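Keep in mind that what you see is a predicted model, and the values were worked out from it rather than measured. Naming: A, B, ... by sequence-line order, numbering from 1 per chain.
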Number of protein chains: 2
Amino acid sequence: MTGGGVRDGLRTGEVAERAGVNIQTLRYYERRGLLAAPGRSNGGHRLYPPGTVALLAVIKAAQRLGFTLDEVAELLAAGSRRHPPPDLRQRAVDKITEIDRKIADLTAIRATLAEVVDARCDSLTNCTCADCPLPYLTIGSAPRPWGDPA
Amino acid sequence: MTGGGVRDGLRTGEVAERAGVNIQTLRYYERRGLLAAPGRSNGGHRLYPPGTVALLAVIKAAQRLGFTLDEVAELLAAGSRRHPPPDLRQRAVDKITEIDRKIADLTAIRATLAEVVDARCDSLTNCTCADCPLPYLTIGSAPRPWGDPA
DNA sequence: GATAAGCCTGTACCTGGGTACCGGATGCAA
DNA sequence: TTGCATCCGGTACCCAGGTACAGGCTTATC
């Protein structure tokens with residue numbers, strides 16, 4: 001009676017539509033190790049477990065935030081072995097650090113942009129406004145102050 | 001005295017080294033419209049004005065923060081015409097909105113990661129921990145709640 | 001059993017952002 | 001004037017992240 005066995009699951013088209021991705025992308029992710037190879041129908045069609053759609057959303061979310069597919073794959077893989085290594089937590093901690101840096105960078109440039117707006121700068125490079133904030137736009141790992149002649 | 005005329009300026013190698021970029025990248029940026037075509041020596045070698053190094057740092061900074069080269073080019077171009085359109089300010093305002101969205105996204109995922117660490121999740125996808133925060137990881141423009149079966 | 005969706009594999013292509021290599025010309029110093 | 005480092009333009013290649021297409025097999029429906 002559970003007769004069909006592997007018969008149930010979503011097909012690629014359904015998953016793709018619900019997750020808002022291309023069908024090709026599903027196969028691409030499978031190749032990349034982001035999606036486990038799903039079960040197949042007798043005829044060889046993929047049948048995805050329902051959680052797949054949610055998983056894709058996780059992937060897409062992580063991606064929008066600057067994680068590469070390899071990173072996402074690692075994160076997912078790290079958790080998917082049983083008796084997982086303490087890896088996931090460590091990676092999460094590392095990612096948090098990274099994210100904090102990104103947020104700091106974004107915050108810095110946001111502030112600069114706000115000043116640009118505020119000061120009515122008329123150019124990114126040749127601004128003529130009085131106390132132009134632009135020359136102080138140093139963010140992240142800029143190698144040296146600004147027009148450092150050395 | 002000021003005799004040499006166009007004779008002065010930095011050569012590609014100098015600019016590249018000081019700015020920490022590849023020489024090819026300079027020419028690439030020139031093609032892309034990020035760097036104005038510099039003066040040339042009589043023999044045809046590029047001679048960059050000194051500000052170029054700073055400009056490259058601006059470009060690199062903007063880029064690290066998620067601006068595409070096209071966007072950077074537009075921003076730079078917008079400011080480099082005299083009697084500039086009020087464009088720069090508007091773009092800056094738009095970018096601020098965009099950045100705010102990114103920051104919000106990053107903050108959300110940061111929170112989730114923090115919970116992951118906190119709750120000792122053992123997997124991103126099959127976590128067995130009691131009050132696992134993962135199913136609630138909705139960020140940005142995810143199309144529908146989560147495992148929405150509809 | 002016929003027929004249209006839908007899915008299969010494989011391969012090729014696209015965009016963004018660079019990088020590398022080639023053969024030839026320049027710059028500059030000894 | 002010779003010689004080596006540098007630079008020139010052009011073309012080709014690289015990686016990431018997808019997307020498209022071809023030719024053939026399944027699945028679902030009548």
Side-chain angles (χ1 to χ4, degrees), chain A residues 3-35 37-49 52 55-76 140, chain B residues 3-35 37-49 52-53 55-76:
Chain A
V6 209
R7 189 54 108 318
D8 44 313
L10 299 153
R11 3 252 225 67
T12 48
E14 292 172 315
V15 172
E17 200 200 338
R18 293 192 195 180
V21 304
N22 195 298
I23 290 183
Q24 325 282 7
T25 303
L26 292 181
R27 295 204 274 126
Y28 178 62
Y29 284 0
E30 192 176 321
R31 281 208 297 289
R32 292 290 301 262
L34 286 149
L35 294 180
R40 299 283 182 134
S41 73
N42 289 334
H45 287 196
R46 288 174 180 79
L47 292 173
Y48 289 95
T52 307
L55 179 52
L56 281 166
V58 172
I59 293 171
K60 283 298 171 191
Q63 216 185 353
R64 272 203 308 286
L65 297 170
F67 295 83
T68 67
L69 288 185
D70 278 348
E71 287 172 332
V72 179
E74 276 182 73
L75 277 171
L76 297 177
Chain B
V6 209
R7 189 57 107 317
D8 44 311
L10 301 153
R11 357 243 234 75
T12 48
E14 292 171 316
V15 172
E17 201 200 337
R18 293 192 195 181
V21 305
N22 195 298
I23 290 182
Q24 325 282 7
T25 302
L26 293 181
R27 294 204 274 131
Y28 177 63
Y29 284 0
E30 194 177 319
R31 282 207 300 287
R32 292 289 301 262
L34 286 148
L35 293 180
R40 298 283 183 133
S41 72
N42 290 333
H45 287 197
R46 289 173 181 80
L47 292 173
Y48 291 94
T52 306
V53 176
L55 179 51
L56 282 166
V58 171
I59 293 171
K60 283 299 174 189
Q63 213 184 357
R64 272 202 308 284
L65 297 170
F67 293 84
T68 66
L69 289 185
D70 278 347
E71 286 173 332
V72 178
E74 277 182 73
L75 277 171
L76 296 176

Whole-Å gap separating [atom2] ([N]) and [atom1] ([X]):
| X | N | atom1 | atom2 | result |
| --- | --- | --- | --- | --- |
| B/E30 | D/dG10 | CD | P | 12 Å |
| B/L26 | D/dG9 | CG | C1' | 15 Å |
| A/L56 | D/dG17 | CG | P | 15 Å |

Report summary line: Note: for B/G43 and A/I23 on DNA chain C, the residue whose nearest nucleotide lies more 5' is A/I23
Side-chain N or O of [X] versus OP1/OP2 of [N]: is the shortest distance under 4.0 Å?
| X | N | answer |
| --- | --- | --- |
| B/R11 | D/dT6 | no |
| A/R46 | C/dC8 | yes |
| A/R40 | D/dC25 | no |
| A/S41 | D/dT27 | yes |

With sequence neighbours excluded, tell me which residues meet side chain to side chain contact (heavy atoms under 4.5 Å, CB included) with [X].
| X | result |
| --- | --- |
| B/Q24 | B/N22, B/R27 |
| A/E71 | A/F67, A/T68, A/K95, A/E98 |
| A/Y29 | A/T25, A/L34, A/L35, A/L56, A/I59, A/K60, A/Q63, A/L69 |

Query raised in the report: With sequence neighbours excluded, what pairs up with A/Y28 under the side chain to side chain donor-acceptor pair (under 3.5 Å) test?
Result: A/R32
**Report entry** Qualifying residues under side chain to side chain donor-acceptor pair (under 3.5 Å), relative to B/R11, sequence neighbours excluded
**Finding:** none
Requested in this report: Locate the shortest heavy-atom distance separating A/A73 from A/G33; write the atom from each residue and the value.
Outcome: CB-O, 4.3 Å
Report summary line: Per-nucleotide protein contact along nucleotides 16-24 of chain C, 5' to 3', at a 4.0 Å heavy-atom cut-off (B base, S sugar-phosphate only, - neither), is -BBSBB---
